[in-house]
Amino acid sequence: MISEQSWTDAQLLWDYHQMHHELQPCSVAIGLGSHDLGVADTTADLYKRGLAPLIVFTGATSRTTQDRMPRGEAVHYRERALELGVPSDAVLVEPHARNTGENIRFSRAVLESAGVKVASVLLISKPYEERRAYATARKLWPEVDIVSASTPMTLEEYVDSIQDARLVIEMLVGALQRLLVYPEQGFLISQTVPHDVTAAYDRLCRSGFTSRLMPDGANSSR
């Protein structure tokens, strides 16, 4: 049973993780690989709305995707986009990245190899990863403008899509921990975290939503 307080705290984290950027046309859309095929759907939708002339899907596999996406996250994302009507020549694939930092660095290299000039990036991630994706891109690619985006949905809708409320809350907690500790490790820019958000994070940790926390000394940027 998840308490009312924990749901309130989870909502605070959910709202903070989203950047609420106004969508605008960008040089390229980059869809960050994960277990969530909705990222590919949203990237394809934004392409068809004219917000980017080119897509890069980035991602290898992880322990959460190796069974569902055996050919790699980026490859499965591309196949999904083509099913949705995106032309094949509008999609580049970066199949090697295994964490958010590599997503950014390897996608940048793919675009440079293709001779694509990039002034701005429409960065599409899972809803609760918007802020970390943005902060990582700003750290590793500071000379371009970043517009962070995800599938528009409420926390309740996301829980319904995952069908595991506790797991969703644990992912929110884990994502916030990385925002707190990764700047010191040089993985992303530092951002102000409001006191009510850190207080909610602390309460959720005390309530046992800790399975996605990194152990002391961990330095994975997944």
Side-chain angles (χ1 to χ4, degrees), residues 14-60 65 69 72-97 99-155 157-158 161 175 179 188-189 191:
W14 176 266
D15 291 340
Y16 178 71
H17 281 308
Q18 297 187 45
M19 299 295 295
H20 308 289
H21 283 170
E22 182 177 350
L23 296 180
Q24 60 188 34
C26 292
S27 306
V28 64
I30 298 179
L32 303 183
S34 72
H35 62 84
D36 188 350
L37 203 59
V39 174
D41 291 359
T42 297
T43 305
D45 176 64
L46 295 175
Y47 167 84
K48 290 191 288 185
R49 288 164 57 186
L51 290 170
L54 181 68
I55 293 170
V56 178
F57 286 127
T58 169
T65 62
M69 301 180 186
E73 296 156 5
V75 172
H76 283 267
Y77 275 23
R78 179 184 184 275
E79 292 171 351
R80 176 62 173 168
L82 267 55
E83 290 175 1
L84 294 172
V86 177
S88 61
D89 60 1
V91 184
L92 298 177
V93 168
E94 185 296 295
H96 303 296
N99 59 57
T100 308
E102 289 184 353
N103 286 141
I104 303 303
R105 291 191 291 108
F106 294 176
S107 294
R108 181 178 182 178
V110 164
L111 289 162
E112 289 174 351
S113 295
V116 179
K117 295 187 181 299
V118 178
S120 55
V121 172
L122 184 58
L123 193 61
I124 301 98
S125 63
K126 300 185 293 295
Y128 66 89
E129 291 285 8
E130 270 195 34
R131 187 172 291 275
R132 181 156 73 100
Y134 171 82
T136 304
R138 294 293 299 131
K139 179 71 176 183
L140 298 176
W141 208 350
E143 63 270 31
V144 303
D145 293 329
I146 305 295
V147 177
S148 199
S150 65
T151 305
M153 61 197 318
T154 65
L155 173 59
E157 289 169 339
Y158 194 73
S161 73
L179 289 174
L188 45 78
I189 63 168
Q191 299 174 94

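These numbers come from a predicted model, not from an experiment. Heavy-atom basis, side chains included; hydrogens, waters and symmetry copies ignored. Positions are given from 1 along the sequence.
- The line from OG1 of Thr136 to CG of Leu179 is 8.0 Å long, rounded to the nearest 0.5 Å.
- To the nearest 0.5 Å, atoms OG (Ser125) and CD (Gln18) are separated by 9.0 Å.
- Within the 4.5 Å cutoff, no side-chain heavy atoms of Val39 are placed close to those of Glu73.
- For the residue pair Glu94/Ser107, the side-chain donor-acceptor check at 3.5 Å is not satisfied.
- A donor-acceptor pair is defined here as one N or O able to donate and one able to accept, closer than 3.5 Å; no such pair exists between the side chain of Glu129 and the backbone of Lys126.
- With a 4.5 Å cut-off on side-chain heavy atoms, Gln191 and Met19 count as touching.
- Listed by chain and residue number, Ile189 satisfy the side chain to side chain contact (heavy atoms under 4.5 Å, CB included) test with Lys139 (two or more places apart in sequence, or in another chain).
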Exercise. For Trp141 and Glu143, what are the C-alpha separation, side-chain angles and deciding distance, and is it a side chain to side chain contact (heavy atoms under 4.5 Å, CB included)?
Worked result: CA-CA 6 Å; Trp141 208 350; Glu143 63 270 31; 3.5 Å; yes

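- Between Tyr158 and Asp36, some side-chain heavy-atom pair lies under the 4.5 Å cut-off.
- Shown here for Ala90 and Pro53, the closest heavy-atom pair between the two residues is CB-O, 4.2 Å.
- The side-chain heavy atoms of Arg80 and Phe57, taken from C-beta on, include no pair separated by under 4.5 Å.
- Residue His96 places its NE2 atom among 12 or fewer non-hydrogen atoms of other residues, nucleotides or ligands, all under 6.0 Å distant.
- Between Tyr128 and Ala175, the shortest heavy-atom contact is O-CB, 3.9 Å.
- Here the closest heavy-atom approach between residue Arg78 and residue Val93 is recorded as CD-CG2, 3.4 Å.
- Residue Leu37 holds its CG atom at 12.0 Å from OG of Ser161, rounded to the nearest 0.5 Å.
- When side chains are defined from C-beta on, Leu51 counts as touching Pro25, because their heavy atoms get closer than 4.5 Å.
- In this structure, the separation between CG on Asn103 and CG on Leu123 is 8.5 Å, given to the nearest 0.5 Å.
- Closest heavy-atom contact between Pro127 and Trp14: CB-CH2, 3.4 Å.
- Every residue two or more places apart in sequence or in another chain that forms a side chain to side chain contact (heavy atoms under 4.5 Å, CB included) with Glu79 is listed here: Arg71, Val75, His76.
- Interatomic distance, CD1 of Ile104 versus CG of Leu188, reported as 11.0 Å (0.5 Å rounding).
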For this session: Evaluate side chain to side chain contact (heavy atoms under 4.5 Å, CB included) for Asp41 paired with Thr151, printing each intermediate quantity in order.
Result: CA-CA 8 Å; Asp41 291 359; Thr151 305; 6.0 Å; no

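- Interatomic distance, Ile55 CD1 to Thr43 OG1, rounded to the nearest 0.5 Å: 6.0 Å.
- No donor-acceptor pair under 3.5 Å is formed between the side chain of Ser27 and the backbone N or O of Val121.
- Summarising the geometry of Ala149 relative to Leu23, their closest heavy-atom pair is CB-CD2, 3.8 Å, with the distance given to 0.1 Å.
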Give every donor-acceptor pair under 3.5 Å between a side-chain atom in residues 109-119 and any protein atom, sequence neighbours left out.
from: Glu112; atom 1: OE2; to: Arg108; atom 2: NE; distance (Å): 3.3
from: Ser113; atom 1: OG; to: Ala109; atom 2: O; distance (Å): 3.0

